[in-house]
Amino acid sequence: MSLPFQPQEGPVDLYALRHSVSHVMADAVLRLFPGAKVAIGPPIEHGFYYDFELPRALTEEDLPRIEEEMRSVLDEAGEFRCIALERNEARKKIAASGQTYKLALLEDIPEGEKITFYDHGTWTDLCEGPHVPSAKVIPRDAFKLLSVAGAYWRGNSDNTMLQRIYGTAWWSKKDLKQYLDYLEEVEARDHRRLGRELDLFSLHSEFGAGLVFWHPKLGYVRRKLEEWWWQLHLERGYWPVYTPHVAGDQVYHTSGHLQNYADMIWSPMDVDGRPHRVKPMNCPGHIAIFNSRRHSFRDLPIRFAELGTVYRFEPSGTLHGMLRVRGFTQDDAHLFCRPDQLEDEIAGVIDLVDIILRTFGYRYTAYLATRPEKYLGADAVWEHAQQALRAAAERRGLELAVDEGGGVFYGPKIDFKIEDALGREWQGPTVQVDFNLPERFDLKYNDSGNELKRPVMVHRVVLGSFERFVGGLIEHFAAWWPVWLHATPVVVLPIAQEQVPAAKRLSQQLGAAGFHSPVEADGPLRKRIRDAEIQKVPYMAVLGGREVEQGVVNLRTHGVAEQRTLKPEELASYLAHKRDSKALDY
RNA sequence: GCUGCAGUAGCUCAGCCGGUAGAGCACCUCCUUGGUAAGGAGGAGGUCACGGGUUCAAGUCCCGUCUGCAGCUCCA
């Protein structure tokens with residue numbers, strides 16, 4: 001995640017500053033809670049945190065008091081001095097302070113490595129640094145404590161839960177302000193908030209946690225995306241398939257999912273005395289279709305595509321609006337090909353990914369995840385597949401960062417990370433070669449020498465899931481949908497009652513051109529304009545006496561200061577141009 | 001799943017040390033016909049998440065469940 005602004009430079013880098021501020025915070029917390037124990041307190045991407053064991057649970061209300069105490073610490077603190085100690089001395093020093101977590105951290109430091117403490121005059125902490133030279137360089141008005149939350153000791157859910165205080169720190173008050181503004185913008189774009197305010201989607205506990213209801217406006221977005229998606233896929237030789245939502249357990253035993261991911265799969269239901277499952281993935285269904293007849297090498301590649309709705313039992317605490325749910329629709333496809341076709345197939349996917357992501361104005365980066373420690377399949381097969389992924393990327397001019405050993409046990413893959421309008425990174429498309437399922441389901445084809453061969457199987461999603469992708473789009477666009485996705489890109493506003501007939505004619509004309517354009521005639525114009533703006537309608541066609549007389553429309557455009565006057569047919573073709581070019585602006 | 005916090009009208013929220021509910025916006029009706037981000041008046045709307053408990057009395061206190069939120073762990 002990167003911010004859309006460049007922070008000011010300081011005497012040392014921001015990480016050192018934040019690390020130092022986290023020490024100051026720990027110092028302050030220990031003053032307020034003398035018995036407190038401290039764990040770790042590193043700098044992070046936009047700030048820092050420190051984990052504590054405290055006599056009581058902190059609330060947000062405690063933060064201002066701790067901040068105040070931090071300023072007292074800054075008044076008294078001086079240079080950050082680094083003190084190297086021999087292990088036994090270090091142990092004694094920590095034992096004397098009663099900081100048991102620190103003692104454990106000390107034991108983690110490998111033999112032979114330097115053991116250092118940092119002392120800022122009022123407090124000493126076991127720490128490898130680096131820090132600012134002196135507490136005096138820490139700006140008193142450029143840090144802020146943001147939140148408290150639980151965090152496991154050593155990140156392990158079997159361990160005790162500590163209390164984590166998050167804060168942020170910058171070299172200038174201006175940067176802090178910009179960062180806080182940024183956080184505000186993030187909150188204003190939160191898809192859960194916009195989803196409620198703009199009537200986009202809802203969740204209903206009676207139906208179940210993590211199950212999304214798409215309301216009409218968002219249903220429209222999805223429908224348009226689906227139409228476009230199918231068009232792109234049909235043009236590229238993918239065939240639509242549809243597979244059932246329920247399958248006998250045997251399927252997932254064969255696939256291995258039931259053995260390895262049982263807690264991700266929804267509980268079984270009894271059907272004629274046999275356990276069945278709601279599908280957690282689409283691959284077995286596509287494989288069943290592939291396996292329903294013997295294939296010739298001439299048939300390959302075969303590309304099956306499905307907007308397949310799957311259900312996965314995500315832990316309750318991880319559910320999050322549309323972004324993390326228990327039922328979602330993947331834009332799934334499986335490619336069955338010969339080894340010599342793999343490179344072409346991957347290249348095709350890379351093309352498609354580029355077309356789709358660019359359409360939304362997403363920037364992206366790609367990572368090749370190579371063979372992990374534990375893996376299935378022959379080394380030569382892995383080598384071939386990785387080479388095919390590399391070569392395909394090169395052919396398409398796609399730069400690949402390498403995530404060494406990051407592949408799944410069943411094959412290498414390319415993962416795409418996308419960056420949204422706020423500079424945040426999202427998990428994006430993925431293309432995975434799979435050596436596992438073809439074995440498990442015994443896929444084969446007859447090659448030119450009439451020998452039975454194992455096809456290569458590729459899983460790929462571009463959007464990922466409609467839920468997560470569209471949830472992300474809401475935040476990326478701040479729900480200001482481009483015209484091609486907008487359910488109601490324009491409203492018609494007659495100034496007075498006399499213009500209502502003309503407004504209705506205009507609405508019909510726009511409707512005939514494919515644009516839903518309600519006439520809003522009730523109440524003062526200012527009010528109707530405000531309402532449309534709040535509903536994030538980008539275009540308002542205003543009709544007053546003057547316009548009707550001249551047969552024109554006054555067009556108010558979101559984000560554009562000047563109004564325009566144009567003929568109805570000009571408006572229709574203008575909107576059509578924005579729609580058909582999938583323009584990102586209005 | 002874990003820790004902490006929360007759940008009062010469609011939304012945002014108020015409701016003190018227990019005494020059986022309130023505002024703004026939205027909605028409905030009427031008036032208003034308004035030239036580019038809030039015209040006026042009236043009205044309707046709540047099993048205070050759900051289930052127990054304490055109490056003469058529970059939105060308020062206690063326990064449990066569900067859901068949400070912030071993280072952690074995990075993930076498309």
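A note on names: the letters A, B, ... follow the listed sequences, proteins ahead of strands, and every chain is numbered from 1.
- The ring of Phe213(A) has its center closer than 6.0 angstrom to the ring center of Phe207(A).
- Ion pairing of Asp415(A) with Lys417(A) is absent here, as no side-chain N (NZ or NE/NH1/NH2) approaches a carboxylate O to less than 4.0 Å.
- Comment: Glu467(A) does not engage Arg324(A) in a salt bridge, judged by the lack of any side-chain N to carboxylate O separation of less than 4.0 angstrom.
- In the interface, the side chain of Arg196(A) is not paired with the base of rC11(B) through any donor and acceptor atom under 3.5 Å apart.
- Counting any heavy atom pair closer than 4.0 Å across all strands shown, Ala532(A) reaches no nucleic acid atom.
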Determine, for nucleotides 43-49 of chain B in 5'-to-3' order, which nucleotides have protein heavy atoms under 4.0 Å from the base (write B), from only the sugar-phosphate (write S), or from neither (write -). -------
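- Remark: aromatic rings of Phe304(A) and Phe336(A) are close, center separation under 6.0 Å.
- For the pair Gly155(A) and Glu547(A), both in contact range of RNA chain B, the more 5′-proximal nearest nucleotide belongs to Glu547(A).
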Tabulated below should be each protein N or O lying under 3.5 Å from an N or O of nucleotides 23-26 of chain B; please produce it.
residue: rA26(B); atom: OP1; partner: Lys527(A); partner atom: NZ; Å: 2.8

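- Glycosidic conformation of rC48(B) is anti; the angle lies outside 90° of 0.
- Gly544(A) comes within contact range of at least one nucleobase, with a heavy-atom separation under 4.0 Å.
- Taking for each of Pro315(A) and Gly327(A) the nucleotide of RNA chain B with the nearest heavy atom, the 5'-most of the two is the partner of Pro315(A).
- The base of rC74(B) is not paired with the side chain of Arg312(A) by any donor and acceptor separated by under 3.5 Å.
- The base of rG35(B) does not come close enough to the side chain of Gln563(A) for any donor and acceptor atom to sit less than 3.5 Å apart.
- Judged by distance alone, with hydrogens and angles left aside, the side-chain atoms of Arg528(A) form a donor-acceptor pair with the main-chain N or O of Glu520(A) at under 3.5 Å.
- The six-membered or imidazole ring of Phe360(A) lies near that of Phe469(A), with a centre-to-centre distance under 6.0 Å.
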Below 3.5 Å is the cut-off: list the nitrogen or oxygen pairs between protein and nucleotides 65-71 of chain B, distance only.
residue: rC69(B); atom: OP1; partner: Arg192(A); partner atom: NH1; Å: 2.9
residue: rA70(B); atom: OP1; partner: Arg192(A); partner atom: NH2; Å: 3.0
residue: rA70(B); atom: OP2; partner: Arg192(A); partner atom: NH1; Å: 3.2
residue: rG71(B); atom: O3'; partner: Tyr166(A); partner atom: OH; Å: 3.1
residue: rG71(B); atom: O2'; partner: Gly150(A); partner atom: O; Å: 3.3
residue: rG71(B); atom: N3; partner: Gly150(A); partner atom: O; Å: 3.4

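- Checked against the 6.0 Å centroid threshold, Phe201(A) and Trp214(A) do not count as a close aromatic pair.
- Between Arg530(A) and Glu533(A) no salt bridge is recorded (no basic side-chain N to carboxylate O distance below 4.0 Å).
- No contact: Glu206(A) has no heavy atom under 4.0 Å from any strand.
- Heavy atoms of Val325(A) sit under 4.0 angstrom from at least one base atom.
- Under the 3.5 Å distance criterion, the side-chain polar atoms of Gln330(A) are left unmatched by any main-chain donor or acceptor of Thr309(A).
- Using a 4.0 Å heavy-atom cutoff across all strands shown, Val461(A) reaches no nucleic acid atom at all.
- Between His558(A) and Tyr539(A), the distance separating the two ring centers is not shorter than 6.0 angstrom.
- No hydrogens or angles were tested; on distance alone, a donor-acceptor pair under 3.5 Å links the side chain of Asn554(A) to the base of rU36(B).
- Here rG71(B) sits opposite rC2(B) as a Watson-Crick or G-U wobble pair (both hydrogen-bonding atom distances under 3.5 Å).
- The base of rC75(B) lies close enough to the side chain of Arg468(A) for a donor and an acceptor atom to sit less than 3.5 Å apart.
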